[in-house]
Enquirer: 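I have a structure I would like to understand better, so I am pasting it below and will then ask my questions one at a time.
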Number of protein chains: 2
Amino acid sequence: MLSERKKQILKAVVNDYVLTAEPVGSNALVKRHKLDVSSATVRNEMSELEDLGYLDKTHTSSGRIPSDKGYRAYIDYLLEVKPISIPEQKKIENFFDGQMSEVLAIIKRSVKVLSEQTDFPAMMISPHYKETSLEQIKFLMIEPGKILIVVVLSPGIIKDRLIRVPTVLSQTQLSIINKMIERNLTGVTLDQITLISVSAAMEDVPVPESILNQILFEAYISIKQAENIEFYIEGTHRLLSQPEFNDVETAQQFLQTIHQEGLIAGYMSEWDEHKKMLSPQMSESGPQSGSDSTSDYYLESAEKPSYMVRIGQEIALEGLEDCSFITAAYKVSDKITGRIGIVGPKRMSYDKIISQINFVNHTLDKEISDLTQEYDPEED
Amino acid sequence: MLSERKKQILKAVVNDYVLTAEPVGSNALVKRHKLDVSSATVRNEMSELEDLGYLDKTHTSSGRIPSDKGYRAYIDYLLEVKPISIPEQKKIENFFDGQMSEVLAIIKRSVKVLSEQTDFPAMMISPHYKETSLEQIKFLMIEPGKILIVVVLSPGIIKDRLIRVPTVLSQTQLSIINKMIERNLTGVTLDQITLISVSAAMEDVPVPESILNQILFEAYISIKQAENIEFYIEGTHRLLSQPEFNDVETAQQFLQTIHQEGLIAGYMSEWDEHKKMLSPQMSESGPQSGSDSTSDYYLESAEKPSYMVRIGQEIALEGLEDCSFITAAYKVSDKITGRIGIVGPKRMSYDKIISQINFVNHTLDKEISDLTQEYDPEED
DNA sequence: GTTTAGCACTCGAGTTGAAAGAGTGCTAAA
DNA sequence: TTTAGCACTCTTTCAACTCGAGTGCTAAAC
């Protein structure tokens, strides 16, 4: 374990470096942080911190910058995440006008808010619906030949899709097919639904087989489409204001990687699969001393913050070695979750950003649960 | 009118500058284009072209670059737009897998294709549905308290929206409201529908007024939502590979402007309002000599290309003075159109990009009409 | 009258070298 | 164990300089 002083110095280095983007030297450190030791002592300590792998140098006679290990220690043990101010909370809440009726729309809105609040690119992956069960599937004949297939999942998620069929199909025939499919599939989880299970138990349907098959296929596609994971990123241009992207080459390379179809989506969606394998990432860091309780902070509700930080090399994606992800899991229902978060250079104000993510995520959860819950006349 | 030689030189300057991004000098011009005059002559001609406003200099002893007027002349009179190659056509067509059932999804796909094909940011504005009439509105009770409102517009466009109502509302009551609204509004154009017209003629509905009002309001919102114009841009990061954005400051400023909510959307959506005021923009440019008819080019179908180019100062948006827009109008139905196109620095390969846009737009039109048309059993 | 060769001039881009400054590591004394 | 002192290293900055591409003008050639 690091000595108290080493911790203090590491923390100071990270804080300064995050602020200035310049390697920080022993003199500056003593001055800015009123350490009551000399710069020479700090120098010695820093040298040891470097040997231990917490700090790096850009060249022999430069100041130090945190290494990945340094950042990790900072985040796990030294970070104090404070709630954001009430005006800021209000500001975020105001972004959600309650008009949105789709889960995905609300999540995307959160991404926008997050990006604006942090001035970093923000992103999300849509919820995993695989283990969700199908509640209803409705065939709505819009006009002869056009059918809207509405898929309703158990937590009240609705997806729909328009298909075309031969006009010979009548409303009555459609209803029969609809009822049969529904009887067959209601309550089954999405990942267990196959084309075969959709088609099963279709007996004595007074519809030509080719048309029936087509409808069954479309129904199957509609269901499968509901479990698609979507990735969405917004505000990538904000990165350009970060000094680490002053070089256009770097910026371009980064943006290209980030925009690579499915790359990050796939990577992020893995995280929650082997959730247990990951270290808790939460700082015990007893700062709660600063509990002047200026706010009815959302943590009161016994929620544990659930953010996750991935730093530099911890990100196993080529081209993102110098970046960090900070994400949090939002909840659509107990079983259904997705992730929302930001990307940026490793050098970022972890505390501020984490507190923003925490609150946005909290608000998002609330909005979604408002939406998916039964209507409560006591509201409004 | 410019002399033949001046035209030739202007064209050569634009072509070279587009290629190299360097001011082009008289020597280089003679060499690259095998003009059978000396560089001195070219110099004199260029000097005159500068006096006439077609060319500019970056400093006293530099080569020339095209001015806005130069680009305009180039596009209006000198440009030869050739169809893209058949492999490229195939490539574009393959992007549309026929699986998409939503107009907006198809348009967005086109934007993606366009951006990839041109390596520029591509964008769209969604169709104007204001003058479209409401064909149907359906209330689908998903479960007690949750209703899916489905709005069907005349060319087969479908939008929907989930709302919540008090659970006391029964299926039957809902059907009555639904029928009344439908009787009232079917065939009315969207811009003529007001909250009042939605509420009108509601008599003897066996539903508490507060609930009725709520439903009417939600129905109104759903209809209005259908006419929202959406703007979408993709691939902005591609700009960074353009030398004019080598400077991060410039790039950042541009991207910020571009991402400003509604700015471009508003600007673009104006274009088609005063359509007649705009010059035809089409080169008469008799190049069709190269009609080795290697392709069953889409122009055969008597369509006139409908692209529009806005160059530099012609764009009345602060911060985009050094850019060009190239857009084309796509068609959802005879009356309903939107725009799709790209943005980039003024210096771009107009011919290549225009031909890409033409073809993508053509394909888009086809896809949409396939979708909105009645089902034809002869297909597939 | 038009075209061209020749030449002086201009300006930007790139190179070099010196000086300044920030920071380190080490040594020896406190 | 801490600190002052100092030599050393490396980056950054800036001015001076060179190089080269390109122009504009003049006078001769066609």
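Reminder, nothing fancy here: chain letters follow the sequence lines and each chain counts from 1.
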Enquirer: Less than 4.5 Å apart, any side-chain heavy atom of Thr327(B) and any of Met123(B)?
Expert: yes
Enquirer: Are Lys7(B) and Leu78(B) close enough that some pair of their side-chain heavy atoms sits under 4.5 Å apart?
Expert: yes
Enquirer: Evaluate the side-chain proximity of Thr236(B) to Phe254(B): yes if any heavy-atom separation is below 4.5 Å, no if none is.
Expert: no
Enquirer: Just how far, in rounded Å, is C1' of dT4(C) from CG of Leu35(B)?
Expert: 15 Å
Enquirer: According to side-chain contact (heavy atoms from CB on, under 4.5 Å), who are the partners of Asp322(B), at least two apart in sequence or on a separate chain?
Expert: Lys346(B)
Enquirer: Quick one: side-chain contact (heavy atoms from CB on, under 4.5 Å) partners of Ser85(A), sequence neighbours excluded?
Expert: Pro87(A), Glu88(A)
Enquirer: Specify the separation, in whole Å, of atom CZ of Arg5(A) and atom C1' of dT3(D).
Expert: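 Interatomic distance, CZ of Arg5(A) to C1' of dT3(D): 12 Å.
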Enquirer: I need the residues from residues 8-22 of chain B with at least one non-hydrogen atom less than 4.0 Å from DNA chain D; give them sorted by number, or say none.
Expert: none
Enquirer: Between P on dT12(D) and CG on Asn246(A), what's the gap in Å once rounded to a whole number?
Expert: 12 Å
Enquirer: Closer than 4.0 angstrom, basic N to acidic O: yes or no for Glu80(B) and Lys11(B)?
Expert: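 Salt bridge flag = yes for Lys11(B) with Glu80(B).
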Enquirer: The criterion is side-chain contact (heavy atoms from CB on, under 4.5 Å); which residues satisfy it with Asn44(A), sequence neighbours excluded?
Expert: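 Residues passing side-chain contact (heavy atoms from CB on, under 4.5 Å) with Asn44(A): none at all.
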Enquirer: Note every stem involving DNA chain C: at least three consecutive Watson-Crick or G-U wobble pairs, i with j then i+1 with j-1, with both distances under 3.5 Å.
Expert: C:1-30 with D:1-30
Enquirer: Using the rule side-chain contact (heavy atoms from CB on, under 4.5 Å), only one of Ile326(A), Val360(A), Val111(A), Ile354(A) pairs with Ile342(A); which is it?
Expert: Ile326(A)
Enquirer: Under a 4.0 Å threshold between the charged nitrogen and the carboxylate oxygen, would Glu116(A) count as salt-bridged to Lys91(A)?
Expert: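 No.
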Enquirer: Just wondering, do Val343(A) and Ile264(A) contact through their side chains at under 4.5 Å, heavy atoms?
Expert: no
Enquirer: Nucleotide by nucleotide, 5' to 3', does protein get under 4.0 Å of the base (B), only the sugar-phosphate (S), or neither (-) in nucleotides 8-30 of chain C, counting heavy atoms?
Expert: --BBS----------BBB-----
